[in-house]
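Scroll down for the structure; my scribbles are underneath it.
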Amino acid sequence: MGNLADLKITLVGAGGKMGTRISNNLVNAPFQLNCVESSERNLKNLQERNLEVVSLEHAVPESDYVILAVPDIYIKDVSAQVSPLLKSGAVIITLDPAAAYANQLVINDYNTSIVAHPCHPSVFLERSTKEEYEDSFGGVAAPQDVVVAVHSGDDKKLIEALEIIKLMYAPVIQCHVITVEQMAILEPTLVETITCMIGTVFKESLDETIKLGVPEEAAKAMLYGHINIALAVALKGTNPFSDACLIAIELGKEAIIKPEWKKVFEKEHLDLTIQKMLKLT
Ligand SMILES: NC(=O)c1ccc[n+]([C@@H]2O[C@H](COP(=O)([O-])OP(=O)(O)OC[C@H]3O[C@@H](n4cnc5c(N)ncnc54)[C@H](O)[C@@H]3O)[C@@H](O)[C@H]2O)c1
């Protein structure tokens with residue numbers, strides 16, 4: 001591994017949501033950071049943070065790493081612009097597996113592409129400071145894990161890339177190196193199709209409860225506390241659900257969950273979900 005201080009890194013989409021988080025973390029890193037941004041509004045955001053913006057054509061040819069913090073639907077077009085400009089041995093880092101999984105990422109044989117996605121701080125994280133409690137997304141104060149996969153190219157590039165990825169998403173506890181296919185099972189299937197969907201069901205259930213006349217504060221107190229205990233019991237086995245609760249769980253599953261729901265883990269469902277997310281169908 002070379003010296004990080006000798007590296008040049010380009011962040012494309014530096015003024016977007018992830019670009020802002022990553023540029024906040026990399027601005028004080030030892031290497032040179034080039035910010036690229038195309039929208040007027042987000043250019044302003046970078047200027048307000050005193051970050052100089054350069055063109056893709058100027059930044060990419062000298063870069064050792066190019067981070068694509070652009071929406072997944074644009075990864076194909078942006079990587080097609082970036083790849084012809086890349087020097088041999090340079091690495092593209094994307095932030096979500098969808099485009100790589102669906103073969104939408106344009107990459108040369110002589111370059112490496114790596115996907116690095118933040119896990120976000122765990123619901124079971126032991127937080128101690130106010131900053132840690134306020135950092136639900138991660139990348140500011142609350143430590144998180146990251147999942148990383150080499151999509152194409154040289155696996156040996158991973159050693160240095162992991163150091164950069166840890167700075168991008170800092171503070172990081174651990175990077176889990178997996179495959180792009182495994183990462184696609186995690187996201188979208190595990191965390192978006194299922195977990196985020198259930199999060200929205202919690203919210204709709206809260207609204208229904210309040211509509212029935214239960215005072216909002218009482219409903220929120222019961223829901224938030226029970227989300228906590230349900231996760232502790234179901235995922236950590238801290239203590240068993242009561243016998244009566246187990247009956248309610250089974251009746252709830254029968255009423256709400258389709259018997260064949262686990263087909264969301266089948267490849268056909270995953271492929272269709274990603275095609276729809278990337279607006280390919
Ligand atoms: N937002 C999240 O919570 C989140 C979490 C994890 C991973 N990701 C991933 O991060 C990536 C970026 O998502 P986001 O939510 O930050 O998107 P975003 O829309 O907030 O930001 C994208 C930025 O890219 C810029 N951009 C688009 N095309 C460009 C081009 N050709 N040249 C330069 N800049 C260009 C846009 O102007 C915008 O500022 C995606 O791969 C997404 O899946 C997002």
Side-chain angles (χ1 to χ4, degrees), residues 9-26 33-49 51-61 63 65-86 92-107 113-121 135-140 142 144-149 151 164-165 168-170 172 175-176 180 183-184 186-193 195-196 199-200 270 273-280:
I9 298 193
T10 292
L11 177 59
V12 185
K17 290 186 280 298
M18 290 303 283
T20 300
R21 291 174 183 282
I22 291 170
S23 55
N24 278 342
N25 281 359
L26 295 190
L33 179 68
N34 298 316
C35 291
V36 176
E37 177 51 62
S38 63
S39 94
E40 279 302 318
R41 186 164 57 93
N42 292 345
L43 273 172
K44 222 171 131 221
N45 149 18
L46 290 163
Q47 281 156 0
E48 281 164 10
R49 294 189 293 134
L51 287 171
E52 196 194 333
V53 179
V54 292
S55 72
L56 199 71
E57 292 71 20
H58 173 81
V60 172
S63 294
Y65 288 81
V66 177
I67 303 166
L68 301 186
V70 300
D72 298 319
I73 52 170
Y74 300 140
I75 292 279
K76 186 178 180 190
D77 288 350
V78 176
S79 61
Q81 270 181 283
V82 165
S83 281
L85 302 170
L86 283 175
I92 288 186
I93 298 179
T94 54
L95 311 182
D96 185 280
Y101 178 87
N103 296 317
Q104 296 295 298
L105 184 74
V106 179
I107 185 84
S113 61
I114 291 173
V115 191
H117 191 90
C119 296
H120 305 295
D135 183 17
S136 47
F137 193 93
V140 179
Q144 62 180 334
D145 286 6
V146 180
V147 285
V148 181
H151 165 240
I164 293 157
I165 289 162
M168 285 164 55
Y169 295 131
V172 168
C175 290
H176 305 272
V180 170
M183 205 189 287
L186 295 176
E187 171 145 356
T189 305
L190 180 66
V191 301
E192 291 179 325
T193 308
T195 309
C196 294
T200 68
L270 172 60
T273 303
I274 288 182
Q275 296 275 316
K276 288 194 171 178
M277 291 172 100
L278 295 176
K279 302 196 193 306
L280 297 174

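Ligands are counted one by one from 1 in listed order, and the atoms in each one are counted from 1 as well. For the single chain, residues carry numbers from 1 onward in sequence order. Source: prediction; values computed, not measured.
Atom 41 (O) of ligand 1 has D72 OD1, 2.6 Å as its closest protein atom, hydrogens excluded (heavy atom only). Nearest protein heavy-atom neighbour of atom 17 (O) of ligand 1: P71 CG, 4.1 Å. With hydrogens left out, the protein atom closest to atom 9 (C) of ligand 1 is L95 CB, 3.8 Å, a heavy atom.
The two residues A100 and L105 have their closest heavy-atom pair at CA-CB, 4.4 Å. Considering every non-hydrogen atom in both A170 and N25, the closest pair reads O-ND2, 3.3 Å. Taking each heavy atom of E187 and P97 in turn, the nearest pair found is O-CG, 3.4 Å. Contact record, A102 with L280: CB-CD1, 4.5 Å, taken as the closest heavy-atom pair. Scanning all heavy atoms of the two residues, the minimum distance from D135 to A142 falls at OD2-N, 2.9 Å.
Counting heavy atoms only, M18 comes closest to atom 8 (N) of ligand 1 of the residues K17, H120, M18, E37. In this comparison of G16, S38, A99, the heavy atom closest to atom 28 (N) of ligand 1 sits on S38.
The one candidate from V12, L95, T94, T10 that meets the side chain to side chain contact (heavy atoms under 4.5 Å, CB included) condition with I67 is L95. Among V78, L85, V82, N34, the one residue that satisfies the side chain to side chain contact (heavy atoms under 4.5 Å, CB included) test with V66 is V82.
A 4.5 Å side-chain heavy-atom check between I92 and Y65 finds every atom pair outside the cut-off.
Near F137, the atoms of ligand 1 lying under 4.0 angstrom from a non-hydrogen atom of the residue are 3 (O), 5 (C). Under a 4.0 Å criterion applied to the non-hydrogen atoms of G13, ligand 1 contributes the atoms 23 (C), 24 (O), 25 (C), 34 (N). Taking every heavy atom of V12 and a limit of under 4.0 angstrom, the matching atoms of ligand 1 come to 32 (N), 33 (C). Within the listing of ligand 1, atoms 31 (N) sit less than 4.0 angstrom from a heavy atom of V78. Every atom of ligand 1 is numbered from 1 in the order shown, and the set under 4.0 Å from a heavy atom of G15 is 39 (O). Under a 4.0 Å criterion applied to the non-hydrogen atoms of S39, ligand 1 contributes the atoms 37 (O). If you number the atoms of ligand 1 from 1 as listed, the ones under 4.0 Å from a heavy atom of N42 come out as 37 (O), 38 (C), 39 (O). The atoms of ligand 1 that sit less than 4.0 Å from any heavy atom of H117 are 6 (C), 7 (C).
Contact annotation for V70 and ligand 1: heavy atoms of both the backbone and the side chain come within less than 4.0 Å of the ligand. Contact annotation for A69 and ligand 1: only backbone heavy atoms (N, CA, C, O) come within less than 4.0 Å of the ligand.
Rounded to the nearest 0.5 Å, atoms CG (L68) and CG (L11) are 9.0 Å apart.
R41 and N45 are not linked by any side-chain donor-acceptor pair at a separation below 3.5 angstrom, with hydrogens and angles left out of the test.
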